[in-house]
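These notes concern the structure reproduced below.
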There are 2 protein chains.
Amino acid sequence: MAQPNADPSSIDFAALNLLRVVHELGSFTAAAEKLNVNQSAVSYTIAKLRACFHDPLFVREGGRQVSTDRCEEILARSLQMLGMLDEMLQPDAFEPGSATQNVTIACNYYERVLLIPALVSAIRREAPGMTVKVINALGDGHLRLLNREADVLIGPFARSESGFHSRRLYAEEYACLMDAAHPLADTALDIDSYLCLNHVLIDYGGGWQSAYLRELEAAGHRIAPVVVAPSPAGLATLIIESDLVATVPRRLGEWNADRLKVADCPFPGRFDVSLVWAAHTNASAMHRWLRDLIWRVARR
Amino acid sequence: MAQPNADPSSIDFAALNLLRVVHELGSFTAAAEKLNVNQSAVSYTIAKLRACFHDPLFVREGGRQVSTDRCEEILARSLQMLGMLDEMLQPDAFEPGSATQNVTIACNYYERVLLIPALVSAIRREAPGMTVKVINALGDGHLRLLNREADVLIGPFARSESGFHSRRLYAEEYACLMDAAHPLADTALDIDSYLCLNHVLIDYGGGWQSAYLRELEAAGHRIAPVVVAPSPAGLATLIIESDLVATVPRRLGEWNADRLKVADCPFPGRFDVSLVWAAHTNASAMHRWLRDLIWRVARR
DNA sequence: TACCTGCTATCGAAAAATTCGATGGACGCC
DNA sequence: GGCGTCCATCGAATTTTTCGATAGCAGGTA
């Protein structure tokens, strides 16, 4: 017979459950009966836990095994863990058809216009009982994931730090949006003619800089905007029948291309639109369903 | 070789950690190296987890072990549990300087007068954030320990049953307290003259009998008290400028010996003042600190 | 296609951990 | 003081885990 193994990682759930039963019954012998094992097996396991935690855990007081304070602390966590084990053993089922949860999606103007309508309609079709909330990602969407304010983040955000996962939805680039009657509407723009245009600059604020601007400035150029707007909302009305030109993501341009012309931009500033989520939602069946749905919608 | 045990309660933390490492490295072989075990031990444990969760957990895809969704789910909880284990393993640390707990001390009049003031001041000095509560021990201080109403018990209580520990603080004996002008104040008291004094008897009630009385009665004597009081409070005022004599523990007599005389008692009824605590607090860091502090204060 | 290489599953044997049944000592209860 | 209950401990038996070796599988390469 050897001393029990004092390596804490050798503690198994049976040992935690035994701790629970001993605590409940206040007796090793009674616990042994309840667990259908020999009393010495209980003593053995308790001895092992005692060695692991460097605490007697139970002491005899007036004919009863009474727990120490340390034991109570350990027991509290043990109960949690036993509960988690039960959850683990139960596969995480998610039925879109009967789900009534809420999903919160963090994104910005671009995604609200181009993705959210189709996404909401897909969610309502597959999961009629669920509700959708859309919040602004601004520049710190990652924080909203960490704070659990949002379930997913959609946007031009690369997977930044650890603690996040991401999936690329598609590639996007910038293009020029101008009135169909603009003098340069039918010529390919070279760098010089692009730079001299009457630019509408979308400045979201918060230090965010569009990829085409980074590319342009990296090449040593600069544009002098005529109009600065905080978002592309109402942009079409602004440009139509004017000589203004806005540089916007191509799909956003094409979205209101009825009477506007979308032209290649000499600084395309290619970027990826990605789906980002926090590691703690990675395993959840609901979140997996949601992410898959978003992926399918974005691919269409 | 047998099949691994598919009972989920036989899963230990080493298995959860192994799952984590396999997931991280995407390879059983690499995980085995990192964990300093044989590759077949890794296979064995994974086989066991597979049987417990009824899921392959890892499937080979393009030369790499890719985790299943279920595996991610299980892993997420496993990581939490490993974190909780680490918390549980934290030794019971106690920092007097930053502690904010309460300590409850059970004792009686004698200790409240002679020990508690110095003890409270020592606690406030070493542990300014802690609070102290003093409760009456009466005759059943042991029960208060068992019921967790008190952390320690101080008094003339020998270690009684098992389930308790005790430490002797110092020896004490009874002495006679009388006015300095009492006729017998300057003579040594013999048994007869002692018995004939006008006694003040302190009767705490509850069946408690002072040691000098037990000694006196064991010798076949008896005293007829003139005054019976339930506690020594106000005793000095009672005795001063009277012919009354009280038999009290010597240190208690000396405590108000300004104008009173303390004389040897022919029945000194020697006893020990002890510190007593319940077995369930024996290992606790806070209680060890408290007991050591009490010992240091009592020794001064 | 055939070979080579790296990886996992499985085997029998060996080692380690756990359980069993029995016993001894401590303690509470008559 | 004797009796019965309870836990710790012992040696043996049993079960679980690990080891070392090898077979089988898949991917990449000639």
Side-chain angles (χ1 to χ4, degrees), chain A residues 1-19 21-23 25-52 56-67 71, chain B residues 1-19 21-23 25-52 56-68 71 142-143 146 159-165 278-280:
Chain A
M1 197 211 68
Q3 282 305 103
N5 185 350
D7 174 5
S9 71
S10 76
I11 297 172
D12 61 13
F13 290 100
L16 300 186
N17 187 51
L18 183 143
L19 192 74
V21 174
V22 168
H23 182 267
L25 301 177
S27 152
F28 291 15
T29 308
E33 273 179 42
K34 178 151 181 172
L35 296 169
N36 293 311
V37 292
N38 195 293
Q39 168 264 317
S40 76
V42 174
S43 281
Y44 178 86
T45 302
I46 292 286
K48 170 169 154 171
L49 293 172
R50 284 172 168 166
C52 288
L57 303 176
F58 295 99
V59 291
R60 225 184 153 72
E61 269 178 23
R64 215 184 131 76
Q65 294 291 124
V66 173
S67 53
C71 179
Chain B
M1 199 211 69
Q3 282 305 102
N5 186 349
D7 174 5
S9 71
S10 77
I11 297 171
D12 62 13
F13 290 99
L16 300 185
N17 188 53
L18 183 143
L19 190 76
V21 173
V22 168
H23 182 268
L25 301 177
S27 152
F28 292 15
T29 309
E33 271 178 45
K34 178 149 179 172
L35 296 169
N36 293 311
V37 293
N38 195 294
Q39 168 266 316
S40 75
V42 174
S43 282
Y44 177 86
T45 301
I46 292 287
K48 170 169 156 172
L49 293 172
R50 283 172 169 165
C52 289
L57 302 177
F58 295 98
V59 289
R60 231 184 145 75
E61 248 175 46
R64 225 185 121 74
Q65 294 288 3
V66 175
S67 52
T68 64
C71 178
H142 292 90
L143 285 180
L146 286 184
R159 176 213 305 241
S160 46
E161 307 120 79
S162 75
F164 297 98
H165 299 264
H280 69 258

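First the proteins, then the strands, lettered A, B, ... as listed; each starts at 1. Any value given below was found using the heavy atoms of this structure, including those in side chains, with hydrogens, waters and symmetry copies removed.
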Rounded to whole Å, how long is the line connecting atom [atom1] of [X] with atom [atom2] of [N]?
X	N	atom1	atom2	value
B:L35	D:dT18	CG	P	10 Å
B:L57	C:dA9	CG	P	11 Å
B:I11	D:dT16	CD1	P	14 Å
B:D7	C:dA17	CG	P	20 Å
B:L146	C:dG28	CG	C1'	14 Å
A:I46	C:dT19	CD1	P	12 Å
A:F58	D:dA8	CZ	P	11 Å
A:Q65	C:dA26	CD	P	16 Å

Atom pair [atom1]/[atom2] of [X] and [Y] - distance to nearest 0.5 Å:
X	Y	atom1	atom2	value
B:C71	B:L19	SG	CG	5.0 Å
A:Y44	A:L49	OH	CG	11.0 Å
A:T29	A:Q65	OG1	CD	8.5 Å

Could you tell me which residues satisfy side chain to side chain contact (heavy atoms under 4.5 Å, CB included) with [X], sequence neighbours excluded, listed by chain and number?
X	value
B:R50	B:F28, B:I46, B:L57, B:F58
B:A279	A:V59, A:E61, B:H165
B:A30	B:L25, B:S27

* Asked: Which is true for B:S43 with a 4.0 Å heavy-atom rule: it touches a base, it touches only sugar-phosphate, or it touches nothing?
  -> base
* To do: Select base, sugar-phosphate, or nothing to describe what A:R64 touches, counting heavy atoms under 4.0 Å on all strands.
  =>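 Nothing, no nucleic acid heavy atom in range.
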Compare side-chain N and O positions of [X] against OP1 and OP2 of [N] and report whether any pair is under 4.0 Å apart.
X	N	value
B:K48	D:dT16	no
A:Y44	C:dT19	no
A:S10	C:dA16	no

Test: salt bridge (charged side-chain N to carboxylate O under 4.0 Å, His left out). Region: [range]. Which pairs qualify, not counting sequence neighbours?
range	value
residues 32-46 of chain B	B:E24-B:K34
residues 8-18 of chain B	none
residues 36-49 of chain A	none

* When you get a sec, tell me which of C:dA17, D:dT18, D:dC7 is the closest nucleotide to the side chain of A:N5? => C:dA17
* In terms of side-chain heavy atoms of B:F28, which of C:dA9, D:dC7, C:dT19 is nearest? -> C:dA9
* Asked: For B:T68, which residues count as a side-chain hydrogen bond (donor to acceptor under 3.5 Å, both in side chains) partner, sequence neighbours excluded?
  -> B:D55
* Structure fact -> Rounded to 10°, the helix from C:dT1-D:dA30 to C:dC30-D:dG1 deviates from straight, judged by its five-pair end axes, by 30°
* Structure fact -> Between A:R60 and A:D12, the residue closer to the 5' end of DNA chain C by nearest nucleotide is A:D12
Give me the distances for all protein-to-nucleotides 21-24 of chain D N/O pairs that come in under 3.5 Å?
none

